[in-house]
Structure formats: structure tokens, C-alpha cells
Amino acid sequence: MSNTYHQIYIQAVFAVRYRDAILAKAWRPTLHTIIGGIIKETGCKSMIVNGVEDHVHCLFELKPSVTLSTIMKNAKSKSSKWINENNLLKSHFEWQEGYGAFSYSPGDVDRVYNYIRNQEAHHQKQFFLDEYKDLLRQFKIDYDDRYIFKDLI
């Protein structure tokens, strides 16, 4: 076969270090746009990036020639650099180490897209830690509570 055909949908979730609620509403949309652009730089198709004060969700089509870890490393390091270079916070900004990544079928994409789009409304009803654990359980991912948000321990 001379071509590579693929359709791999990924939702990635990552948090601010210590889960501090410091991503300001005023500049958060720009941050999301920048993260989406960083994902596109890898050759992947960014579908939506959104989040709230303490974490971000990204939905994108993964290109098979690019590793998920490379995409996340770039998205987190370059967006941290943008926040710090623009002095958007009084202290140095960092994302928490690690991330969650979940794959979806094409039939799930609209639901996941809308879920990410409505993060602010969603988090008026559910805390991030509960949301994250629900995703881990939904995808049958074994986890140890001691290490989910290691920075807090």
C-alpha cells in the first residue's frame, strides 16, 4: 500500500502545576488558540482547545508519524514559555508533569467536541479531579490516587 490512511482522535487533558486556578479568563482564549497552533505545527489537526482556570482539554486528529508525547511536550513547553514571556502571572508558570490522553471513534467526536466547548458550564457542576478520575475509569485505566496529582502530595 503506497499511502498511509488514518483517523485517530485524541482528547488530551493537562493541568496547571499544583492545580492552581491561575489561567485568567481575559487571556485564556488566546492561550487556547496558541496551544491549537502548536498542535497544528506538528502536522496534526487541532479541532478544539478549551479549559478553565486550572486545566486544558485538547481534541485533535493524531498524525501517525508524530508521537503523542512529542505533541504534549511541545504544547506544554511552548505555551508555558508564552505565558512567562508575556508576564501574564506574577510568578513563574508551569504545567503539571504528565497528562491524560484518551482515544475516540469518529462517532464520539461531536459529543467530545461539545463537552470540551462547554467546560465552564461543566465545571460549575463537577470538580476537575472528579472529572479526571471519571475519564480514567471510563477508559478502564488503572491509576493510583497518590500519583494522579503528584504535585499536591
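Here the structure is a predicted model, which is why all the values come from computation and not from measurement.
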If you look at every heavy atom in Ala15 and Phe128, which pair is closest and at what distance?
CB-CE2, 3.6 Å
Beyond-backbone contact of Gln96 with Tyr18, side-chain heavy atoms, under 4.5 angstrom
no
Where is the tightest heavy-atom contact between His6 and Lys63, given as atom of each residue plus distance?
CE1-CA, 4.1 Å
Distance check, rounded to the nearest 0.5 Å: Asp20 atom CG versus Ser91 atom OG?
7.5 Å
With side-chain contact (heavy atoms from CB on, under 4.5 Å) as the test, pick out the partner of Val56 among Val16, Val49, Ile116.
Val49
Note, Asp54 side chain near Val52 side chain (heavy atom, < 4.5 Å)
yes
Please report whether the ring centroid of His55 lies less than 6.0 Å from that of His123.
yes
Quick one: does Ile71's side chain get under 4.5 Å of Phe60's, heavy atoms only?
yes
How about His57 and Gln11: do any of their side-chain heavy atoms sit closer than 4.5 Å?
yes
Is there a donor-acceptor contact under 3.5 Å linking the side chains of Tyr132 and Asp130?
no
Write down the atom of Gly51, the atom of His32, and the distance for their closest heavy-atom approach.
N-CE1, 3.3 Å
Compare all side-chain heavy atoms of Phe102 with those of Gln138 and state whether any distance is below 4.5 angstrom.
no
Check whether any side-chain N or O of Asn118 sits under 3.5 Å from a backbone N or O of Asn114 as a donor-acceptor pair, and report yes or no.
yes
Given salt bridge (charged side-chain N to carboxylate O under 4.0 Å, His left out), test Glu41 with Lys78 step by step and report yes or no.
CA-CA 11 Å; Glu41 286 175 1; Lys78 289 181 179 183; 3.0 Å; yes
Basic-acidic side-chain contact under 4.0 Å: Arg28, Glu120:
yes
Under a 3.5 Å threshold, yes or no: a donor from one side chain and an acceptor from the other, between Arg137 and Tyr143?
yes
Beyond-backbone contact of Lys133 with Asp145, side-chain heavy atoms, under 4.5 angstrom:
yes
Please confirm whether the backbone N or O of Lys73 pairs with a side-chain atom of Ser77, one donor and one acceptor, at under 3.5 Å?
yes
Validation row: Tyr104, Ile10 side chains within 4.5 angstrom (heavy atoms)
no
Specify the closest pair of heavy atoms between Ser79 and Ile35, including all atoms of both residues, with the distance to one decimal.
CB-CG1, 3.7 Å
Which residue pairs satisfy the ring pair (Phe, Tyr, Trp, His ring centres under 6.0 Å) criterion with at least one member in residues 62-93, sequence neighbours excluded?
Phe93-Trp95
Counting distance only, does the side-chain N/O of Gln119 pair as donor-acceptor with the main-chain N or O of Tyr115 below 3.5 Å?
yes
Short side-chain to backbone donor-acceptor contact, Lys76 and Glu94, under 3.5 Å
no
Compare all side-chain heavy atoms of Tyr99 with those of Cys58 and state whether any distance is below 4.5 angstrom.
no
